[in-house]
Amino acid sequence: MSSSPNNSVVSPEKIAFLHRNINAWFRAHARDLPWRAADRSGWSVMVSEFMLQQTHVKRVLPVWETWMERWPTPADLAAVDSSEAVRAWGRLGYPRRALRLHAAAQAIVEKHNGEVPSSYEELLALPGVGSYTAAAISVFAFGNRATVVDTNIRRVFGRTVRGLALPGKSLTAAEMRLAESLMPDDLEESVVWNAATMELGALICTAKSPRCEECPVSSGCAWIAAGKPEADYVPTGQAWAGTDRQLRGAMMAVLREATGPLPAELLTSGGRVDFAFPQEVAAAVQKLQKLNSPAEQLQRCFAGLLADGLAKQDDAGRVSL
DNA sequence: AAGGCGTGGTG
DNA sequence: TCACCAAGCCT
């Protein structure tokens, strides 16, 4: 057992201060989200967690509603083709999440008798479920005691405890140990704590312009005490224009709008393509062609979609989700 | 283990 | 307006 200089040892008094104030704040200010309702299920929480990976609540809400209405249990989703899941995913982004959620539903049917497992280890074994999502489902759906660490929680602890404007680019073992050391011993308090610290990071202790005036622990915040120093690194912006991601997104939009198989040339040709399709497909194709991507990039991205299972090609070479 | 992977709300 | 970046996961 070695100790690094980065290890933050927090006094019992400060931990109690954080527990008391953040949990009280949450009990007064928690958003009324449907996946937090009393009638939530393991599945409803699981669907929300998949959709919330790198996507804000506001955009998730309507898709989650229609998803849960259509597929109220894992078995309902597992019974349809994965392309249905990808289309229903709509414009949420990262459509491979839809594929993984579908695969996870099938695994739940096959290995867990159709019931979402409650243990961290069993959840972690499901497709698309990593350490964050496994802990989140175990805690928020089943009320277990597990340490949830997401980007919000990392930022809250980074500021209040470590005095940093922003946590590092990737989660470290020391950070994970710190989060565990801050967990309330009491089961019910620990469940609230996980949700409360995340909510504080999402609503108050935000990345860009935190609302410290409204923060319940500003009086004990190490970052404020240090004079709000700048982050010691500059986050590198995410490139977009001209990237494969943009092109893949445009191709996926075409496939989502299509009601049947499409000529592959519609996706892989950089030039004009004669076609007579519904307005929506035509518009999506126009956007794709407007990118004016080189043929080599079109081919690469198209092959990527096929390899990822997001698109399928029939014997005649026609493409669909 | 660093980098790929969508999309759009927001300051 | 237009960068920024968000309840990560996987390889």
Side-chain angles (χ1 to χ4, degrees), chain A residues 26 30-31 33-36 44-64 86 89-101 103-104 123-141 146-156 166-173 176 179 194-203 205-211 231 233-256 284 287-288 291 297 300-301 303-305 307-310:
Chain A
F26 181 73
R31 285 171 292 181
L33 303 172
W35 45 85
R36 288 176 176 167
S44 69
V45 171
M46 179 169 167
V47 171
S48 79
E49 290 301 341
F50 268 72
M51 293 183 173
L52 287 164
Q53 290 168 3
Q54 299 281 280
T55 308
H56 278 124
V57 166
K58 181 170 184 176
R59 292 178 57 209
V60 165
L61 240 18
V63 184
W64 182 90
V86 173
W89 198 256
R91 304 188 63 81
L92 269 189
Y94 291 145
R96 50 179 57 177
R97 289 183 294 169
L99 242 31
R100 290 171 182 158
L101 181 53
L123 287 162
L124 190 60
L126 296 172
V129 177
S131 59
Y132 160 75
T133 302
I137 296 171
S138 184
V139 170
F140 301 138
T147 306
V148 177
V149 179
D150 78 323
T151 189
N152 290 305
I153 292 175
R154 293 184 64 215
R155 191 172 54 250
V156 168
L166 295 173
K169 303 187 81 71
S170 54
L171 176 62
T172 65
M176 197 61 219
N194 280 314
T197 47
M198 196 178 319
E199 192 85 332
L200 187 68
L203 300 183
C205 194
T206 53
K208 205 174 270 183
S209 38
R211 311 171 174 204
Y233 70 94
V234 184
T236 60
Q238 303 165 337
W240 177 244
T243 61
D244 284 8
R245 292 169 77 173
Q246 182 187 33
L247 188 47
R248 284 171 58 107
M251 287 181 170
M252 287 301 295
V254 174
L255 294 174
R256 274 198 309 270
K287 285 186 182 176
L288 171 63
L291 297 179
Q297 188 182 15
R300 180 176 63 244
C301 289
L305 293 183
D308 288 345
L310 287 167

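The model shown is predicted, which means the values in this text are computed figures rather than measured ones. All chains are named by letter (A, B, ...) in the order of the sequence lines, taking the proteins before the strands, and each is independently numbered beginning at 1.
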TODO: Sugar-phosphate atoms are those with a prime plus P, OP1 and OP2; base atoms are the rest. Using that split, label each nucleotide of nucleotides 4-11 of chain B B, S or - for protein heavy atoms under 4.0 Å, 5' to 3'.
DONE: -BBBSSSS
Task: Touch class at under 4.0 angstrom, heavy-atom based, for Ala136(A) against every strand present - done: nothing
- [ ] Output every pair passing salt bridge (charged side-chain N to carboxylate O under 4.0 Å, His left out) with a member in residues 234-247 of chain A, not counting sequence neighbours, ordered by first then second residue.
- [x] Asp244(A)-Arg300(A)
TODO: Could you tell me whether the side chain of Trp35(A) reaches within less than 4.5 Å of the side chain of Leu52(A), counting heavy atoms only?
DONE: yes
TODO: Specify the closest pair of heavy atoms between Gln246(A) and Trp240(A), including all atoms of both residues, with the distance to one decimal.
DONE: CA-CH2, 3.2 Å
Open item on the list: So which atom in Cys205(A) and which in Arg155(A) form the shortest heavy-atom distance, rounded to 0.1 Å?
Closed with: O-NE, 2.7 Å
Task: dA7(C) and dG3(B), which share atom name P, separated by this distance in whole Å - done: 22 Å
Task: 5′-ward residue of the pair Arg36(A)/Gly128(A) relative to DNA chain C - done: Arg36(A)
Task: Same-atom distance (P) from dG6(B) to dT11(C), integer angstrom - done: 14 Å
Open item on the list: At 4.0 Å (heavy atoms only), tell me whether Ser131(A) reaches a base, stays on the sugar-phosphate, or touches nothing.
Closed with: sugar-phosphate
Open item on the list: Under the rule for side-chain hydrogen bond (donor to acceptor under 3.5 Å, both in side chains), what residues qualify as partners of Asp150(A), not counting sequence neighbours?
Closed with: Asn152(A)
Open item on the list: Please enumerate all residues that pass side-chain hydrogen bond (donor to acceptor under 3.5 Å, both in side chains) together with Ser138(A), with sequence neighbours excluded.
Closed with: Asn144(A)
- [ ] Provide the start and end nucleotides, 5' to 3', of the part of DNA chain C that has atoms under 4.0 Å from heavy atoms of chain A.
- [x] dC4(C) to dC10(C)
- [ ] List in chain and number order the residues that pass side-chain hydrogen bond (donor to acceptor under 3.5 Å, both in side chains) with Arg248(A), two or more places apart in sequence or in another chain; answer none if no residue qualifies.
- [x] Asp308(A)
TODO: Kindly indicate, with the supporting measurements, whether the criterion side chain to side chain contact (heavy atoms under 4.5 Å, CB included) is fulfilled by Met251(A) and Leu310(A).
DONE: CA-CA 10 Å; Met251(A) 287 181 170; Leu310(A) 287 167; over 6 Å; no
- [ ] State the CZ-CG distance between Arg97(A) and Leu92(A), to the nearest 0.5 angstrom.
- [x] 6.0 Å
Open item on the list: At 4.0 Å (heavy atoms only), tell me whether Val60(A) reaches a base, stays on the sugar-phosphate, or touches nothing.
Closed with: nothing
Open item on the list: What's Trp89(A) touching, base or sugar-phosphate or nothing? Going by heavy atoms closer than 4.0 Å.
Closed with: nothing
Open item on the list: Heavy atoms only, 4.0 Å cut-off, all strands: where does Ser170(A) land among base, sugar-phosphate and nothing?
Closed with: nothing
